[in-house]
Trainee: 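Okay, handing you the structure first.
As the structure is a prediction and not an experimental result, all values here were calculated from the model. Computed over heavy atoms, backbone and side chain alike; hydrogens, waters and symmetry mates excluded.
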Amino acid sequence: MDRPQTVDAYIEGTTGKSREVLEQVRALALEGAPEASEAIKWGHPAWVHPSGTILFVASAHAKHANVVFTPSTREAFDADLDGFSTGKGSVKLPYGRPVPVDLLRRMIAFRVREHEDAGVLWM
């Protein structure tokens, strides 16, 4: 199977809970970063600031979706991420658990501001 070339194709290639979570993440991205463009980076949906800097990336996996921000964005929300598995800049969103909409909304806003105000680029 060919790798998807668009975010639409990526999401259309998912089913069930993974599709639901990705659609929620996409809606939050459109709300919180309306000027960002969508792209496929490393085979996954990414939202890119008009300056060309990646703001964040999402991906679907067997048991969870992943949203990857910069390490500084993820670290700024450490206290709010208690109970979530995290990585360098990533947050795992387990299927079957409600998507933390308010938290992701705040993380997206923080990421946009850290890029626009502080010049923080992608990893």
Trainee: Which heavy atom of Ala58 sits nearest to which heavy atom of Trp47, and what is that distance?
Mentor: CB-CZ3, 3.9 Å
Trainee: Decide, yes or no, whether a salt bridge links Arg26 with Glu23 under the criterion of side-chain N to carboxylate O below 4.0 Å.
Mentor: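 Looking at Glu23 together with Arg26, the answer is no, because their closest N to O distance does not fall below 4.0 Å.
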Trainee: To the nearest 0.5 Å, what is the distance between OG on Ser18 and CG on Leu93?
Mentor: 12.0 Å
Trainee: Indicate yes or no for a side-chain donor-acceptor contact from His49 to the backbone of Ala36 under 3.5 Å, with no hydrogens or angles considered.
Mentor: no
Trainee: Any heavy-atom pair between the side chains of Val91 and Leu103 that's under 4.5 Å?
Mentor: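 Contact flag for Leu103/Val91 side chains = no.
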Trainee: Indicate if Val101 and Phe110 have the same hydrophobic cluster label, given that clusters are the connected sets of ILVMFWY residues with side-chain heavy-atom separations under 4.5 angstrom.
Mentor: yes
Trainee: If you measure from CD1 on Ile108 to CZ on Phe56, what distance do you get to the nearest 0.5 Å?
Mentor: 4.0 Å
Trainee: Is the closest side-chain heavy-atom distance between Leu121 and His115 below 4.5 Å?
Mentor: yes
Trainee: Under 3.5 Å, side chain of Tyr10 to main-chain N/O of Ala60, donor-acceptor pair present?
Mentor: yes
Trainee: Quick check for you: to the nearest 0.5 Å, what is the distance between Arg106 atom CZ and Leu28 atom CG?
Mentor: 12.0 Å
Trainee: Does CG belonging to Asp82 count more than 12 external heavy atoms closer than 6.0 Å?
Mentor: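 No, CG of Asp82 has 12 or fewer neighbouring heavy atoms, counting only those of other groups under 6.0 Å.
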Trainee: Examine distances only and state if a side-chain atom of Glu35 and a backbone atom of Ala33 form a donor-acceptor pair shorter than 3.5 Å.
Mentor: no
Trainee: With the side chain counted from C-beta on, respond yes when Trp42 and Val68 share a heavy-atom pair under 4.5 Å apart, and no when they do not.
Mentor: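 No - every pair of side-chain heavy atoms lies 4.5 Å or more apart.
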Trainee: Does the pair Val48 and Leu55 meet the rule for a side-chain contact (heavy atoms from CB on, under 4.5 Å), with working shown?
Mentor: CA-CA 5 Å; Val48 181; Leu55 295 171; over 6 Å; no
Trainee: How many angstroms lie between atom CZ of Phe77 and atom CG of Leu104, to the nearest 0.5 angstrom?
Mentor: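 The CG atom of Leu104 is 9.5 Å from CZ of Phe77, to the nearest 0.5 Å.
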Trainee: Report yes or no: is the cationic atom of Arg74 (NZ for Lys, CZ for Arg) closer than 6.0 Å to the six-membered ring centre of Phe84, at no more than 45° off its axis?
Mentor: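 Arg74 over Phe84 ring: no.
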Trainee: Val112 and Gly32: which non-hydrogen atoms are nearest, and at how many Å?
Mentor: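 Here Val112 and Gly32 meet closest at CG2-O, 4.0 Å.
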Trainee: Of the non-hydrogen atoms in Val7 and Ala39, which two are nearest, and what is the gap between them?
Mentor: CG2-O, 3.6 Å
Trainee: Output the distance between atom NE2 (His64) and atom OG (Ser59), rounded to the nearest 0.5 Å.
Mentor: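 So the NE2 of His64 and the OG of Ser59 are separated by 6.5 Å.
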Trainee: Side chains of Arg111 and Thr70: closer than 4.5 Å at any heavy-atom pair?
Mentor: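 A side-chain contact under 4.5 Å exists here.
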Trainee: Measure the OG1-CD distance between Thr15 and Glu20 for me, rounded to the nearest 0.5 Å.
Mentor: 10.0 Å
Trainee: Do Val67 and Tyr95 share a hydrophobic cluster, counting only Ile, Leu, Val, Met, Phe, Trp and Tyr and linking them when any side-chain heavy atoms are less than 4.5 Å apart?
Mentor: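 Result: yes, single cluster for both.
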Trainee: Please examine the side chains of Leu81 and Met107, heavy atoms only from C-beta on, and report whether any two atoms are closer than 4.5 Å.
Mentor: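 Of all side-chain heavy-atom pairs linking Leu81 with Met107, at least one is under 4.5 Å.
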